[in-house]
Amino acid sequence: MASQRSSLDSQIFIIGCGISGIGAAQKLIKHGFRNVNIIEATGRSGGRIQTGRLGDNIVEIGANWIHGPSKENPVFRLACDYRLLDKQSMSEENQQIKMDGPTLFNPNWFSSSGQKLGPDVMGPAMELFIKLMEKSQQFNETGGEPLPSVGKFVKTEAERLAPEEWKEDPANIDLRMAMINTLLKMECCVSGTHTMDDVGLGAFGMYKTFPGLDCTFPGGYEGLIDNMMKGLPKDIVLYNKPVKCIHWNNTKNGPDTKTLPVLIECFNGETFAADHVIVTVPLGYLKKHKDTFLSPSLPLHKLHSIQRMGFGTNNKIFLEFEQPFWDDECELIYLVWEDETDLSDVVSDVKMSWIKKIFGFTVLRPTEKFGHVLCGWISGHESEYMETLSELEVLQSITQLLRKFTGNPTVAPRRLLRSQWFHHPYSCGSYTYVAKGCSGYDIDNLAEPLPLNGCNSKPLQVLFAGEATQRSFFSTVHGALMSGWREAERLISHYTPTSGSFTSKL
Ligand SMILES: Cc1cc2nc3c(=O)[nH]c(=O)nc-3n(C[C@H](O)[C@H](O)[C@H](O)COP(=O)(O)OP(=O)(O)OC[C@H]3O[C@@H](n4cnc5c(N)ncnc54)[C@H](O)[C@@H]3O)c2cc1C
Ligand SMILES: *[C@@H]1O[C@H](CO)[C@@H](O)[C@H](O)[C@H]1NC(C)=O
Ligand SMILES: *[C@@H]1O[C@H](CO)[C@@H](O)[C@H](O)[C@H]1NC(C)=O
């Protein structure tokens with residue numbers, strides 16, 4: 001190793017210090033790579049994992065749950081190793097629970113005429129919706145789906161089945177259809193999309209889940225990031241350095257074979273030379289900057305997949321109350337607009353009616369810890385518009401909304417905190433969904449490293465990780481982590497000798 005440069009000396013830069021970037025660094029360093037750095041646009045680690053404060057309370061501005069907390073889930077395993085979860089979340093019993101949609105939550109329903117609705121009225125709407133969502137997941141990419149989108153499928157089927165299924169109770173059909181609308185808005189938040197009409201039906205079942213009842217981090221999701229960062233060398237992250245352009249395929253910098261193939265250019269003018277770059281920026285950022293972020297620009301099929309894949313907005317609005325207006329046991333509050341009985345009806349005026357896109361509120365628990373705090377959910381263009389309003393304007397609109405639905409003119413949240421993921425310059429939205437017309441191949445295209453089949457160039461110059469590049473678990477924290485590990489493994493196995501010396505011919 002004396003004079004020769006070992007593969008472990010390769011200059012590796014990871015762009016983005018979210019969990020995928022941190023995960024990649026973790027694996028590379030554990031393997032022995034000595035020159036690994038993370039370049040991060042903002043002043044913090046964690047990206048879309050971000051814990052904030054509302055008064056004395058911890059609230060999650062980004063990711064909240066470990067989806068499917070059980071042994072196969074790497075985020076669950078890490079959280080257990082770091083002792084970040086409570087006893088119940090780690091119990092065998094908890095790990096075996098199969099989540100099936102919103103059935104597990106204890107609901108309250110309020111209608112726009114200030115009525116509280118009961119399970120006798122709302123239950124059948126929930127059941128029908130859950131059945132249709134399960135059906136939506138059973139299609140696959142081999143074709144044969146009857147309609148292009150999940151939205152079209154659920155609406156068509158609900159309209160077809162409802163009169164038959166609810167014929168004993170015709171007086172409630174309209175309210176139940178309105179509830180289906182509310183549940184579609186909820187699914188928009190889950191998928192991070194403006195409308196379920198944009199979510200492809202054929203590929204919807206590509207998203208996989210682990211068993212386990214979704215759990216949270218009592219001390220905040222950022223505790224996971226803090227613990228992972230403690231395992232990395234100090235100063236590994238270069239903060240506040242947004243990357244402007246990745247210049248790759250560099251053969252021009254002279255005949256010197258030691259010239260590194262990639263040059264990273266930051267907005268502040270700084271440059272860094274690299275053998276390998278792992279890009280982990282969100283798909284939203286790539287969509288917005290796809291024409292300038294790489295030079296030479298991305299190959300066409302990668303560009304097309306970036307364009308085709310969906311990346312939308314889901315935001316949270318946290319509200320603190322003196323007194324609850326919901327039941328003791330309630331975990332989820334649904335708002336049912338009595339005028340939304342027509343499933344094909346689309347909200348037209350975003351500015352006037354953005355508030356109607358809030359499907360409801362989750363109740364933060366346990367109450368002994370949080371007091372009376374709700375989290376409102378809003379997706380799509382209405383969510384993006386909400387971000388442009390002042391906190392006070394949002395608070396006033398929500399106060400009006402709650403007074404209307406509870407029929408109580410004194411309901412008044414005393415504090416508010418909301419997320420603004422669409423206008424976040426380094427997220428440009430919330431997370432990935434498989435849009436109409438997309439397939440798993442688009443995700444594979446995103447994940448494909450550059451150069452494509454570098455016969456004459458140095459291999460694996462630019463690699464791609466991040467939530468959007470994970471075929472089965474996109475849009476999640478565990479999907480992001482797995483993608484970072486995957487790209488680290490790609491580099492590790494590239495340098496792992498099949499025979500002879502471990503030293504590469506760099
Ligand atoms: C509101 C919301 C709720 C969510 N809820 C859940 C949940 O309950 N459970 C769950 O599993 N997942 C949830 N997610 C998804 C989860 O947060 C993400 O999938 C995951 O955190 C993504 O990690 P990542 O490393 O791929 O990307 P990120 O965390 O976004 O990291 C990318 C990093 O790249 C940086 N960056 C961007 N551009 C540049 C540039 N030009 N130069 C340098 N750095 C740059 C960014 O600043 C960021 O730090 C939620 C997300 C949101 C927004
Ligand atoms: C896709 O669905 C069809 C019809 O339901 C089924 O026959 C086929 O086996 C499925 N393919 C995969 C890969 O799941
Ligand atoms: C990379 O460089 C080589 C040699 O200069 C050139 O032939 C090739 O077209 C380049 N690839 C791209 C994607 O620009």
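Ligands are counted one by one from 1 in listed order, and the atoms in each one are counted from 1 as well. All values reported here derive from a predicted model rather than from experimental measurement.
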With backbone taken as N, CA, C and O and side chain as the heavy atoms from C-beta onward, which portion of [X] lies under 4.0 Å from ligand 1: side chain, backbone, both, or neither?
X: Y285; answer: side chain
X: N315; answer: neither
X: E467; answer: both
X: N314; answer: backbone
X: W421; answer: side chain
X: A468; answer: neither
X: I15; answer: side chain

Looking at [X], I want to see if its [atom1] is surrounded by more than 12 non-hydrogen atoms of other residues, nucleotides or ligands under 6.0 Å.
X: D81; atom1: CG; value: yes
X: K369; atom1: NZ; value: yes
X: N268; atom1: CG; value: yes
X: K27; atom1: NZ; value: yes

Check: F473 main-chain N/O paired with K208 side-chain donor or acceptor under 3.5 Å: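 Here the side-chain-to-backbone pair does not exist.
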Backbone N/O of I12 and side chain of H276: donor-acceptor pair under 3.5 Å: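 No; zero donor-acceptor contacts below 3.5 Å.
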Has ligand 1 got any nitrogen or oxygen that is less than 3.5 angstrom from a nitrogen or oxygen of [X]?
X: A41; result: yes
X: W65; result: yes
X: H478; result: no
X: H424; result: no
X: Y431; result: no
X: S427; result: no
X: T42; result: no
X: I61; result: no
X: V477; result: yes
X: Y221; result: no

Should you measure from each heavy atom of [X], which atoms of ligand 1 turn up under 4.0 Å away?
X: G466; answer: 26 (O)
X: T476; answer: 10 (C), 11 (O), 12 (N), 19 (O)
X: I39; answer: 43 (C), 44 (N)
X: N64; answer: 5 (N), 6 (C), 7 (C), 8 (O)
X: A480; answer: 22 (C), 23 (O), 24 (P), 26 (O)
X: G62; answer: 2 (C), 3 (C), 4 (C)
X: G47; answer: 29 (O), 48 (C), 49 (O)
X: P282; answer: 30 (O), 32 (C), 37 (C)

Does the side chain of [X] come under 3.5 Å of the side chain of [Y] through a donor N or O and an acceptor N or O?
X: Y239; Y: S45; result: yes
X: E467; Y: T432; result: yes
X: S10; Y: Y495; result: yes
X: S89; Y: D86; result: yes

N or O pair under 3.5 Å between W248 and ligand 3: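 W248 vs ligand 3: no N/O contact under 3.5 Å.
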Minimum heavy-atom distance between R490 and A447, given as atom pair plus value: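 In this case the closest contact between R490 and A447 is NH2-O, 3.7 Å.
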Minimum-distance pair of heavy atoms, taken over all atoms of I22 and G46: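 Answer, listing the atom of I22 first, then G46: CD1-N, 4.5 Å.
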Closest protein heavy atom (residue, atom, distance) for [atom]:
atom: atom 24 (P) of ligand 1; value: S20 OG, 3.5 Å
atom: atom 42 (N) of ligand 1; value: V243 N, 2.8 Å
atom: atom 4 (C) of ligand 1; value: A63 CA, 3.4 Å
atom: atom 27 (O) of ligand 1; value: R48 NH2, 3.0 Å
atom: atom 31 (O) of ligand 1; value: G18 CA, 3.4 Å
atom: atom 48 (C) of ligand 1; value: E40 OE1, 3.5 Å
atom: atom 39 (C) of ligand 1; value: V281 CG1, 3.5 Å
atom: atom 32 (C) of ligand 1; value: T280 O, 3.5 Å

Pairwise distance CD(Q95) to CE(M90) - rounded to 0.5 angstrom: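 CE of M90 is found 9.5 Å from CD of Q95.
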Step-by-step side chain to side chain contact (heavy atoms under 4.5 Å, CB included) determination, E448 to H301: CA-CA 10 Å; E448 192 179 24; H301 68 286; 2.7 Å; yes
Identified side-chain hydrogen bond (donor to acceptor under 3.5 Å, both in side chains) counterpart of N315 within the set E382, E384, R418, E387: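 Going through E382, E384, R418, E387 one by one, the side-chain hydrogen bond (donor to acceptor under 3.5 Å, both in side chains) with N315 is satisfied by E387 alone.
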Partner residues of E40 under the salt bridge (Lys or Arg N to Asp or Glu O under 4.0 Å) criterion, sequence neighbours left out: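 Result, salt bridge (Lys or Arg N to Asp or Glu O under 4.0 Å) vs E40: none returned.
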Candidate pair T476 and Y431, rule side chain to side chain contact (heavy atoms under 4.5 Å, CB included), full reasoning: CA-CA 8 Å; T476 67; Y431 37 80; over 6 Å; no
Pi-cation contact, Y426 with R48 (under 6.0 Å, within 45°):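 Output no; distance or angle outside limits.
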Over-ring placement of K302 relative to F464, 6.0 Å and 45° cut-offs: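 Ring-cation test returns yes.
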Per-atom contacts of ligand 3 with P296, taking only distances under 4.0 Å to non-hydrogen atoms: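 This gives 12 (C), 14 (O) as the contact atoms.
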Solution key, residues 217-233 side-chain donor-acceptor pairs under 3.5 Å, sequence neighbours excluded:
residue, atom, partner, partner atom, Å
Y221, OH, W65, O, 3.0
E222, OE2, R44, NH2, 2.8
E222, OE2, T51, N, 3.2
N227, ND2, G223, O, 2.8

G46 near ligand 1 by a heavy-atom separation under 4.0 Å: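 Yes, G46 has heavy atoms under 4.0 Å from ligand 1.
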Whether P242 lies under 4.0 Å from ligand 1, heavy atom: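 Judged by the 4.0 Å heavy-atom criterion, P242 does count as contacting ligand 1.
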Stepwise salt bridge (Lys or Arg N to Asp or Glu O under 4.0 Å) test for E329 and R365: CA-CA 10 Å; E329 302 299 310; R365 296 191 154 263; 5.7 Å; no
